[in-house]
2 protein chains.
Amino acid sequence: MAQAAPDATLRRFSGYGMKRAFNGIQADLSATLQPFGLRMVTFSALVVIHDNPGLRQTRLAGVLAIERPNLVAILEDLERADLIARTRAETDRRAYELSVTAKGRTLCQQAMAAVVDHDRRMTRGLSADESATLQKLLRRIEGNGRTPHDRRKISRA
Amino acid sequence: MAQAAPDATLRRFSGYGMKRAFNGIQADLSATLQPFGLRMVTFSALVVIHDNPGLRQTRLAGVLAIERPNLVAILEDLERADLIARTRAETDRRAYELSVTAKGRTLCQQAMAAVVDHDRRMTRGLSADESATLQKLLRRIEGNGRTPHDRRKISRA
DNA sequence: CATTATTCGTTATTGGACATAACTATTTAT
DNA sequence: ATAAATAGTTATGTCCAATAACGAATAATG
């Protein structure tokens, strides 16, 4: 097996290249979010709640492909930091409606700006066309992959 | 914020799309490798050792961007399953030289065939050109990302 | 040659993300 | 009225990744 790189066989797989790329992204994103007291999953949740006030937890879980039990700690972290509020839905006493606080809105927007920079760093050297191509290809792969068990028919928020 | 999808803001980031794509890949890969008693990191290590007999641990860590302490359990799993062997290097009594056993070779090749199928499933709907483009773009992003602390000058195996 | 610095593999620990089963309370379906 | 489904929660476990520190061996230095 005389190959140029020791991991040449693995390099043939899209999954391996993606893992390698994503590892770098994740480390940079983590460092980017750390000053805001956020991490990848709490940032994602905060942004979606920010954009969709009144969202319910089960819908949030579906949108982010996060298992509902795992959402509990995420939301607790955000609530404890006074970034979101949870109010019982009037039409269903089992459900909460999620919204950002004023503090959460501000932090969300600040973190967003930092993440825009992070993304620019990560995609340095890619043209706008290439970035769009990448997104398109990733979306196709995402559609091919296994979906979370919880990905059932999601009710409107 | 009237947007088409609840996570539309996040969809602007390459990292988010990659995470979503990679999550699906990882789940499928995990299921694919499970019948072989392997998981992502043990499979990767087995393949690289298979392709590079006599490889040393520190080099393997560098090749796979895995922290050296984390390699210990991975290699123990492979050794316990009789898939690899570790022999003390003659030229350096601190180091091990890694190689696959006959059993490891067989299993490696069987798992490889399954992973080829997995990759084909994951990239269904992508042309050969598109797959090559994806790999190229991922490599560029990988180069932009943060590298592991341990990524210092790697000695030859 | 002796001393210091570096390297190899290891132990220990912790954090982050993700998966599953089971549960109570509430709502929906029959 | 009863059974089934749903929303959120608790508990637990797996996988992968990061860091500090260590003893033994090797390399570098004077």
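The sequence lines fix the lettering, A, B, ..., with proteins before strands; numbering per chain opens at 1.
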Item checked: Separation of C:dT7 P from B:Asp92 CG (nearest whole Å) -> 12 Å
Notebook entry, point to check: Taking for each residue the nucleotide of DNA chain D with the nearest heavy atom, is it B:Glu90 or A:Ala27 whose nucleotide lies nearer the 5' end?
Noted result: A:Ala27
Note to self: For a quick test of reading the model: is some side-chain N or O of A:Lys19 closer than 4.0 Å to OP1 or OP2 of D:dC15?
What the structure shows: no
Check: Can you check the B:Ile25 CD1 to C:dA17 C1' distance for me, whole Å?
Finding: 17 Å
Item checked: Separation of D:dC15 C1' from B:Phe43 CZ (nearest whole Å) -> 17 Å
Only pairs under 3.5 Å count here: list side-chain donor-acceptor contacts from residues 21-28 of chain B, not counting sequence neighbours, and write none if there are none.
residue	atom	partner	partner atom	Å
B:Asp28	OD1	A:Arg146	NE	3.0
B:Asp28	OD2	B:His118	ND1	2.8
B:Asp28	OD2	B:Arg121	NH2	2.7

Margin query: In whole Å, I'd like the distance from the CE atom of A:Met18 to the P atom of D:dC16.
Written below: 17 Å
Next item on the list: Using whole Å, report how far CZ of B:Arg20 lies from P of C:dA17.
Entry: 15 Å
Next item on the list: Applying side-chain hydrogen bond (donor to acceptor under 3.5 Å, both in side chains), name anything that partners B:Arg94, two or more places apart in sequence or on another chain.
Entry: B:Asp92
Next item on the list: Calculate the interatomic distance between B:Arg93 atom CZ and D:dG23 atom P; express it in whole Å.
Entry: 18 Å
Notebook entry, point to check: Taking only residues two or more places apart in sequence or in another chain, which ones pass side-chain contact (heavy atoms from CB on, under 4.5 Å) with A:Arg140?
Noted result: A:Lys136, B:Leu126, B:Glu130
Under 3.5 Å donor-acceptor pairs involving side-chain atoms of residues 104-117 of chain A, not counting sequence neighbours:
residue	atom	partner	partner atom	Å
A:Thr106	OG1	A:Ala102	O	3.2
A:Gln109	NE2	A:His50	NE2	3.4
A:Asp117	OD1	A:Arg120	NH1	3.0

Margin query: Return a single string for nucleotides 9-16 of chain C, one symbol per nucleotide in 5' to 3' order, where B is base contact, S is sugar-phosphate-only contact and - is none, cutoff 4.0 angstrom on heavy atoms.
Written below: BBBB---S
Next item on the list: Would you name the heavy atoms of B:Ala81 and B:Lys103 that are closest together and state the gap between them?
Entry: O-NZ, 3.1 Å
Could you give the side-chain donor-acceptor pairs of residues 34-42 of chain A under 3.5 Å, partners two or more places apart or in another chain?
residue	atom	partner	partner atom	Å
A:Arg39	NH1	A:Asp77	OD2	3.0
A:Arg39	NH2	A:Asp77	OD2	3.2
A:Thr42	OG1	A:Arg39	N	2.8
A:Thr42	OG1	A:Arg39	O	3.1

Checklist line | Short side-chain N/O contact from A:Asn23 to OP1 or OP2 of D:dA17, under 4.0 Å | finding: yes
Notebook entry, point to check: Tell me: CD of A:Glu67 to C1' of D:dA11, nearest whole Å?
Noted result: 15 Å
Note to self: Can you tell whether the side chains of A:Arg86 and A:Glu79 come within less than 4.0 Å, N to carboxylate O?
What the structure shows: yes
Next item on the list: Using whole Å, report how far CG of A:Leu98 lies from P of D:dG8.
Entry: 8 Å
